[in-house]
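Comments concern the structure below.
What you are looking at is a predicted structure, and each value in this text was computed from that prediction instead of being measured.
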Amino acid sequence: MTLTSTRLTPMMRAAVMIRLCHELGEGRPATREQIIRDLYGAPIVANNADTPTDVAVTLAPEVAPVFVAPTVPDHQDVIVDQEPDIAVSFADAAARLGLSIGTVRRYCAPSSGKLLRVGIGVSLASVDALAG
């Protein structure tokens, strides 16, 4: 035999706290449990004898693994090796663009996307593209 407690909603908890404050303010010592019993009654007793013990469980059949063959393209795209981009300093990029160094740094931010950062500098191709 077990006791099941009633879950209090936020409104019920607030009512209990208000009533508890009134009781304590009037000089009558009260506990939270007493207030809950007064407002919402005693907890309900649950009898474990009513719970079924023979529960039928059916398992799902095993699923066979499915293998998918990888797709093979008919032709492969030829990637032309491009010359590696030259990196220039922030000061050089600022001079070429006529901007401040701080603005060039902001333009290199991923959220801006106006200039491409390469290592500790700026991509010369992106500076030329922005200047042009």
Side-chain angles (χ1 to χ4, degrees):
M1 186 186 300
T2 60
L3 293 176
T4 60
S5 61
T6 306
R7 259 190 100 89
L8 299 178
T9 64
M11 293 294 289
M12 294 167 80
R13 282 195 303 270
V16 168
M17 289 305 297
I18 291 170
R19 176 85 180 269
L20 185 61
C21 290
H22 284 287
E23 295 290 323
L24 293 175
E26 294 175 4
R28 292 186 298 244
T31 63
R32 186 172 188 266
E33 181 184 357
Q34 291 170 343
I35 301 295
I36 292 173
R37 281 182 186 268
D38 289 344
L39 292 175
Y40 305 110
I44 301 168
V45 177
N47 192 357
N48 286 340
D50 295 338
T51 58
T53 55
D54 297 329
V55 178
V57 177
T58 55
L59 300 176
E62 289 188 26
V63 179
V66 177
F67 296 103
V68 178
T71 58
V72 179
D74 295 336
H75 65 284
Q76 293 183 357
D77 294 332
V78 178
I79 299 174
V80 179
D81 289 336
Q82 297 177 351
E83 240 180 73
D85 199 11
I86 300 171
V88 294
S89 68
F90 287 105
D92 290 340
R96 289 176 186 247
L97 295 172
L99 301 171
S100 69
I101 296 174
T103 304
V104 171
R105 286 185 184 275
R106 278 196 313 273
Y107 283 1
C108 287
S111 60
S112 173
K114 292 182 179 181
L115 292 174
L116 181 65
R117 189 172 192 149
V118 177
I120 58 170
V122 183
S123 164
L124 182 60
S126 66
V127 171
D128 290 340
L130 186 62

**OP:** Can you establish whether the number of heavy atoms outside Glu33 located under 6.0 Å from its atom CD is more than 12?
**Re:** no

Original post:
What distance separates Thr31 OG1 from Arg37 CZ, expressed to the nearest 0.5 Å?
Top reply: 9.0 Å

Original post:
Is Ile18 reachable from Ile36 through a run of I, L, V, M, F, W or Y residues, each pair having side-chain heavy atoms under 4.5 Å apart?
Top reply: no

Subject >> Minimum heavy-atom distance Leu24-Ala30, with the two atoms named >> reply: CD2-N, 4.1 Å

Subject >> ILVMFWY network linking Met12 to Leu39, side-chain heavy atoms under 4.5 angstrom >> reply: yes

Original post:
When rounded to the nearest 0.5 angstrom, what is the spacing between CD1 in Ile35 and CE in Met17?
Top reply: 10.0 Å

May I have the list of side-chain donor-acceptor pairs in residues 106-120 shorter than 3.5 Å, sequence neighbours left out?
residue	atom	partner	partner atom	Å
Arg106	NH2	Thr103	OG1	3.3

Subject >> Shortest non-hydrogen contact between Val104 and Ala94, atoms and distance >> reply: CG2-CA, 3.6 Å

**OP:** Kindly write out the residues that satisfy side-chain hydrogen bond (donor to acceptor under 3.5 Å, both in side chains) with Asp38, not counting sequence neighbours, or none if the list is empty.
**Re:** none

Original post:
Which heavy atom of Arg13 sits nearest a heavy atom of Leu8, and at what distance?
Top reply: NH1-O, 2.9 Å

